[in-house]
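Take a look at the structure set out below.
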Amino acid sequence: MTPEIDDLFAAIRAEHGSSALDRVEEMLEPRRRSETRHPLQQDAKWVLPGISQTPWHDPYTYPELTPLVTALESHHAQIKADQERAWADRRDSFSDYEHYLVRQQNWQALYLYRDGALVEDSQCVAPTAYRVLKEHAVDTEVICPLLESHFSTLLPGASIKPHCDLWNFSINLHLAIDIPQGAGLRVAEEARTWDEGKCLLFDYSFEHEAWNGNDTRTRTCLLADLWHPETTAAERLALTALMREIQKMMAG
């Protein structure tokens with residue numbers, strides 16, 4: 001760790017208690033790790049100890065996420081109408097999705113939140129989703145500033161290969177916008193489909209894959225990367241600074 005990170009960790013411990021970052025420090029020293037990873041979680045880069053090894057989660061289980069889930073589902077019709085209008089009239093607002101530097105032309109994204117901030121240009125393109133996200137995820141700080149929120153559109157026949165994402169301390173929320181027959185998602189050993197207008201919540205440090213097996217229709221969800229509810233405020237502060245520093249060093 002850098003001196004700046006050491007100083008930040010010391011300040012967090014002074015405010016939140018000497019043991020506030022024990023799990024973060026254990027994550028950084030795998031030999032000290034007391035828990036064994038799930039077999040389908042092995043390819044994740046960072047696994048914070050003590051997080052439930054649960055691939056699928058009930059979106060309504062966690063009080064801090066319930067307002068966001070409720071708002072997204074209750075505004076589904078307008079969010080879908082905005083997205084369909086954007087797809088028809090503002091296609092230049094969408095771009096090939098880059099998943100850890102792997103670009104997929106058949107996976108299109110319209111970003112609402114990226115690089116730690118709302119994407120202001122998306123406010124006029126997808127106003128309902130932008131407002132709900134701002135009020136219930138950004139302003140409430142349940143969104144993970146290290147990651148993003150975007151409309152995710154798989155073109156007909158497109159698929160996303162099995163993979164693990166980088167870590168387990170954030171969690172992925174999907175609002176099903178437009179789901180054709182033949183689309184699905186597998187997380188760990190269980191495959192599900194989306195129920196249009198409803199949310200799915202899963203831990204993407206587990207191996208997962210998605211597909212649109214429909215030959216004529218796109219599949220669209222609204223994705224949001226949220227802090228895992230089992231992380232603490234102190235851990236979130238530390239992890240944000242730590243991962244940004246690691247990303248900076250890797251980019252350099």
Side-chain angles (χ1 to χ4, degrees), residues 23 35-42 44 46-80 112-113 128-129 132-152 154 160 162-181 183-212 219-233 235-236 239:
R23 295 198 300 179
E35 297 181 355
T36 302
R37 294 188 185 191
H38 187 282
L40 291 174
Q41 202 179 25
Q42 292 296 325
W46 308 99
V47 172
L48 189 70
I51 298 293
S52 300
Q53 292 183 328
T54 306
W56 288 101
H57 292 251
D58 181 348
Y60 281 94
T61 294
Y62 305 105
E64 72 170 326
L65 302 185
T66 300
L68 173 62
V69 172
T70 301
L72 287 171
E73 292 184 349
S74 64
H75 288 87
H76 166 261
Q78 188 57 52
I79 291 173
K80 180 177 181 179
L112 301 175
Y113 182 92
T128 309
V132 170
L133 191 73
K134 180 182 185 302
E135 292 179 2
H136 298 286
V138 179
D139 292 350
T140 60
E141 298 184 344
V142 299
I143 199 163
C144 180
L146 297 164
L147 294 169
E148 60 206 25
S149 175
H150 64 277
F151 284 99
S152 170
L154 289 180
I160 302 168
H163 65 283
C164 296
D165 279 20
L166 287 174
W167 53 61
N168 71 332
F169 47 80
S170 64
I171 196 165
N172 201 217
L173 182 72
H174 284 202
L175 171 68
I177 302 296
D178 186 18
I179 310 301
Q181 186 174 5
L185 171 69
R186 176 185 66 83
V187 182
E189 297 171 339
E190 182 181 353
R192 298 184 182 183
T193 189
W194 295 268
D195 184 4
E196 188 169 316
K198 299 297 182 181
C199 287
L200 290 177
L201 184 68
F202 65 94
D203 182 340
Y204 46 13
S205 67
F206 288 87
E207 183 182 274
H208 57 284
E209 61 179 320
W211 57 89
N212 179 11
R219 182 241 61 179
T220 299
C221 295
L222 176 60
L223 277 55
D225 295 304
L226 311 175
W227 284 113
H228 197 295
E230 295 176 13
T231 58
T232 67
E235 289 169 339
R236 294 175 187 185
L239 290 164

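Note that this is a predicted model, so its numbers are computed, not measured. Below, all heavy atoms of this structure are taken into account, side chains as well, without hydrogens, waters or symmetry copies.
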- Under the side-chain contact (heavy atoms from CB on, under 4.5 Å) rule, what do Asp195 and Ile179 come out as? Steps first, then yes or no, please. CA-CA 7 Å; Asp195 184 4; Ile179 310 301; over 6 Å; no
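- Among residue pairs with one or both ends in residues 219-231, none qualify as salt bridge (charged side-chain N to carboxylate O under 4.0 Å, His left out); sequence neighbours excluded.
- Using a 4.0 Å cut-off between charged side-chain N and carboxylate O, Arg186 and Glu207 make a salt bridge.
- Atom CG in Asp139 sits 9.5 Å away from atom CG in Leu133 (nearest 0.5 Å).
- A salt bridge does not link Glu209 with Arg192: none of the charged nitrogens is closer than 4.0 Å to a carboxylate oxygen.
- Closest heavy-atom contact between Ser52 and Asp203: O-OD2, 4.2 Å.
- The two residues Asn172 and Ala224 come nearest to each other via the heavy atoms ND2-O, 3.5 Å.
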- Item | Audit row: Asp165, Ser205, side-chain contact (heavy atoms from CB on, under 4.5 Å) steps and yes/no | CA-CA 5 Å; Asp165 279 20; Ser205 67; 5.9 Å; no
- Message: Is there a ring-ring contact (aromatic ring centres under 6.0 Å, His included) between His174 and Phe202? Walk through the geometry before answering.
- Response: CA-CA 9 Å; His174 284 202; Phe202 65 94; 5.1 Å; yes
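- Put simply, CG on Leu200 and CG on Leu173 are 8.5 Å apart, with the number rounded to the nearest 0.5 Å.
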- Might you work through the side-chain contact (heavy atoms from CB on, under 4.5 Å) test for Val69 and Tyr60, ending with a clear yes or no? CA-CA 7 Å; Val69 172; Tyr60 281 94; 3.6 Å; yes
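- The number of heavy atoms from other shown groups lying within 6.0 Å of CD (Glu141) does not exceed 12.
- Among all heavy-atom pairs drawn from Asp58 and Leu201, the shortest one is O-CD2, 4.1 Å.
- Interatomic distance, SG of Cys199 versus CG of Leu72, reported as 5.0 Å (0.5 Å rounding).
- Ser149 and Leu223 get closest at one heavy-atom pair: OG-O, 2.7 Å.
- Rounded to the nearest 0.5 angstrom, Leu239 CG and Arg23 CZ are separated by 9.0 Å.
- In terms of modelled atom types and a separation under 3.5 Å, the side chain of Thr66 and the main chain of Tyr62 share a donor-acceptor contact.
- Listed here is the closest heavy atom pair of Ile171 and Trp227: CG2-O, 3.9 Å.
- At least one side-chain heavy atom of Asn212 sits under 4.5 Å from a side-chain heavy atom of Pro180.
- To the nearest 0.5 Å, the span separating NE2 on His228 from CZ on Arg236 amounts to 10.0 Å.
- Judged purely by atom type and a 3.5 angstrom limit, Trp194 has no side-chain atom pairing as donor or acceptor with the backbone of Cys221.
- Paired with Thr140 under the rule side-chain contact (heavy atoms from CB on, under 4.5 Å), one option of Val138, Val142, Ile143 passes, and it is Val142.
- Thr220 places no side-chain N or O within donor-acceptor distance of the main-chain N or O of Phe151, the cut-off being under 3.5 Å.
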- Task: Go through the steps for Leu146 and Phe169 under the test side-chain contact (heavy atoms from CB on, under 4.5 Å), then give the verdict.
- Result: CA-CA 11 Å; Leu146 297 164; Phe169 47 80; 4.2 Å; yes
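- Taking the ring centroids of His136 and His75, they lie at or beyond the 6.0 Å cut-off.
- Remark: the backbone N or O of Gln42 is paired with a side-chain donor or acceptor of Arg37 at under 3.5 angstrom.
- His76 contributes no side-chain N or O that, together with a main-chain N or O of Ser74, makes up a donor-acceptor pair within less than 3.5 Å.
- The backbone N or O of Thr70 sits nowhere less than 3.5 Å from a side-chain atom of Glu73 that would complete a donor-acceptor pair.
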- Quick one: do Lys80 and Glu196 satisfy salt bridge (Lys or Arg N to Asp or Glu O under 4.0 Å)? Show the steps, please. CA-CA 10 Å; Lys80 180 177 181 179; Glu196 188 169 316; 2.7 Å; yes
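- Taking both residues in full, the closest heavy atoms of Leu40 and Cys164 are given as O-SG, 3.5 Å, listed atom of the first, atom of the second, then distance.
- Side-chain N/O atoms of Tyr204 and His163 include no donor and acceptor closer than 3.5 Å.
- Between Trp211 atom CH2 and Leu185 atom CG the span is 6.5 Å, to the nearest 0.5 Å.
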